[in-house]
Amino acid sequence: MAAQVIQAPVGLTADSPAHWGGVFAMALCVFALIASEFMPVSLLTPIANDLRISEGLVGQGIAISGAFAVLTSLFISALAGRTNRKALLLGLTALMCLSGAVIGLAQSYTVYIVGRALIGVVVGGFWSMSAATAMRLVPAPQVPRALAIFNGGNALATVLAAPLGSYLGAVIGWRGAFLCLVPTSLVAFGWLWASLPSLPVQPRAARSSHVVFLLGDRRVALGMLAVGVFFAGQFMLFTYLRPFLETVTQVDVSSLSFILLAIGVAGLIGTLFIGKAIQRSLYWTLTVAPLLMAGIALALMGLGASTAAVVALLCAWGLISTATPVGWWTWLARTIPGNAEAGGGLMVAVVQLAIALGSTVGGLLFDGLGYMSTFAASTVLLLAASGLVALMSRAVVVRVP
């Protein structure tokens with residue numbers, strides 16, 4: 001197979017000043033929007049009681065936000081046109097603030113769903129633009145670090161969203177919990193306004209910003225397939241950790257909360273160190289990560305009755321799985337630097353759909369055949385993802401200017 005050559009990331013040169021304030025402001029935005037997206041998980045019962053609906057309907061709000069995230073990610077680059085990207089990011093932050101207010105003040109299920117749809121638009125827009133924005137805020141060698149900081153906001157929100165939402169819900173009510181996101185969004189808005197430079201649209205992105213254009217590139221198509229298989233395999237297992245821990249490992253509620261917190265903390269640590277592995281070898285990192293996760297899945301099948309072993313294995317799982325997306329965003333920035341916005345939108349859509357498919361199939365297997373079948377299927381997908389990355393690496397030669 002003939003090797004295909006890709007360019008290293010374009011954007012700021014090595015001696016250009018970095019806008020780290022903008023990077024951390026983006027991380028705060030990511031923290032707020034991910035917390036907004038998943039906070040209903042810990043507030044299902046009080047929301048349902050107040051709005052006089054079922055907990056299942058409240059939970060569907062998460063699916064609604066995911067659906068709007070997919071739609072936004074696919075079309076935001078084309079719809080935004082020549083809008084200055086700083087103005088677009090500020091607009092999305094303002095929309096996040098509005099979403100928190102709409103949900104917090106909702107008196108009906110319809111209004112609640114409108115608020116969830118708004119946060120979905122923000123999630124899709126922010127993640128779609130993350131790689132492209134990082135490339136324009138810091139010099140090319142620092143792009144993986146900037147993406148790791150973005151993902152650190154995601155990891156921190158994943159750790160804190162559920163327990164913080166539960167605590168605030170008990171102290172000030174579920175409406176107060178969501179309204180607390182409004183001042184957080186306002187702080188993020190002000191920080192972005194002050195720290196982001198002007199980000200006029202790049203000419204090439206304006207000409208070729210449709211996902212169909214990107215999928216015509218074999219490198220992109222193969223990479224997106226690998227991304228999808230990886231996330232499907234990850235969430236096929238992760239979605240059903242709680243019933244596994246309760247029925248196989250047989251932990252109590254307090255131990256369960258500790259284990260889930262430990263997974264989140266391990267993931268946050270992983271995002272702090274993934275940059276070094278990526279700088280050493282991006283494709284090695286993306287190949288080995290799913291291999292290790294597959295090994296963990298197999299080990300869980302054999303050691304599920306041992307609490308100590310399960311905790312250690314799941315901490316390793318969190319360390320790897322939370323940090324690996326930084327590698328995929330770096331791959332995107334290096335593979336299609338001139339179309340990182342549209343590529344980011346495509347990746348967000350692929351990831352969201354893969355999570356939905358993986359968790360659905362995993363649930364069917366879990367209910368029909370038990371956890372062993374779910375974990376085994378996850379292992380197969382993770383091994384396939386590793387193989388796809390290895391295949392992709394042989395077809396691509398990275399040229400560093």
Side-chain angles (χ1 to χ4, degrees), residues 151 155 158 223 225-251 256 259-278 280-328 330-331 351 354-355 357-359 361-363 365-366 369-394:
N151 206 60
T158 303
L225 177 60
V227 170
V229 173
F230 171 79
F231 276 94
Q234 176 186 346
F235 280 86
M236 181 174 287
L237 184 149
F238 183 74
T239 305
Y240 302 97
L241 275 185
R242 176 162 184 163
F244 165 77
L245 291 170
E246 291 176 332
T247 59
V248 179
T249 312
Q250 296 185 345
V251 299
L256 175 64
I259 293 172
L260 295 177
L261 179 61
I263 295 172
V265 172
L268 183 59
I269 294 172
T271 63
L272 300 178
F273 295 99
I274 187 68
K276 293 182 179 180
I278 291 172
R280 179 172 299 178
S281 176
L282 172 62
Y283 286 100
W284 181 87
T285 302
L286 293 177
T287 301
V288 170
L291 275 179
L292 293 175
M293 291 170 63
I296 292 171
L298 287 174
L300 287 171
M301 294 167 63
L303 302 172
S306 171
T307 302
V310 167
V311 171
L313 288 168
L314 290 181
C315 284
W317 175 280
L319 184 80
I320 299 167
S321 64
T322 307
T324 302
V326 178
W328 279 114
T330 303
W331 165 80
V351 169
I355 291 174
L357 182 61
S359 60
V361 174
L365 290 173
F366 194 94
L369 300 173
Y371 82 93
M372 295 282 280
S373 63
T374 300
F375 284 26
S378 171
T379 301
V380 171
L381 288 178
L382 290 168
L383 291 174
S386 180
L388 286 169
V389 175
L391 179 63
M392 182 173 61
S393 67
R394 294 175 183 174

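Worth saying up front: this structure is predicted, and the values here are computed from it rather than measured. Quick note: numbers below take in every heavy atom, side chains included, and nothing from hydrogens, waters or symmetry partners.
Here the OH atom belonging to Tyr371 is positioned 13.5 Å from the OG atom belonging to Ser378, to the nearest 0.5 angstrom. Going from atom OG of Ser321 over to atom CZ of Phe235 covers 7.5 Å, rounded to the nearest 0.5 Å. Summarising the geometry, atom OG1 belonging to Thr249 is positioned 6.5 Å from atom CD1 belonging to Ile259; distances are rounded to the nearest 0.5 Å. Rounding to the nearest 0.5 angstrom, the gap separating the CZ atom in Phe238 from the CZ atom in Phe244 is 13.5 Å. For the atom pair Leu369 CG and Thr374 OG1, the distance stands at 8.0 Å (nearest 0.5 Å). Here the straight-line distance linking atom CZ of Arg280 with atom OG1 of Thr285 works out to 9.0 Å at 0.5 Å rounding.
No side-chain heavy atom of Thr324 sits less than 4.5 Å from a side-chain heavy atom of Ile274.
Considering Val288, Val227, Leu286 as possible partners of Val389, the one that fulfils the side chain to side chain contact (heavy atoms under 4.5 Å, CB included) test is Leu286.
Under the 3.5 Å distance criterion, the side-chain polar atoms of Thr271 are matched with a main-chain donor or acceptor of Leu268.
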Going by atom type alone, with no hydrogens or angles, which donor-acceptor pairs under 3.5 Å involve a side-chain atom of residues 290-317 and a protein atom two or more places apart or on another chain?
residue, atom, partner, partner atom, Å
Ser306, OG, Ala309, N, 3.3

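Using the six-membered ring where Trp is involved, Trp328 and Trp331 have ring planes that are perpendicular, over 60° apart on the 30 and 60° scheme.
Of all non-hydrogen atoms in Leu365 and Ala377, the two that sit nearest each other are CD1-CB, 3.7 Å. Closest approach of Leu319 to Ala323, counting heavy atoms only: O-CB, 3.5 Å.
In this structure Tyr240 satisfies the ring pair (Phe, Tyr, Trp, His ring centres under 6.0 Å) test together with Phe366, sequence neighbours excluded. Remark: Glu246 pairs with Arg242 by the side-chain hydrogen bond (donor to acceptor under 3.5 Å, both in side chains) rule, at least two apart or across chains.
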- Derivation and outcome, side chain to side chain contact (heavy atoms under 4.5 Å, CB included), residues Leu382 and Val229: CA-CA 7 Å; Leu382 290 168; Val229 173; over 6 Å; no

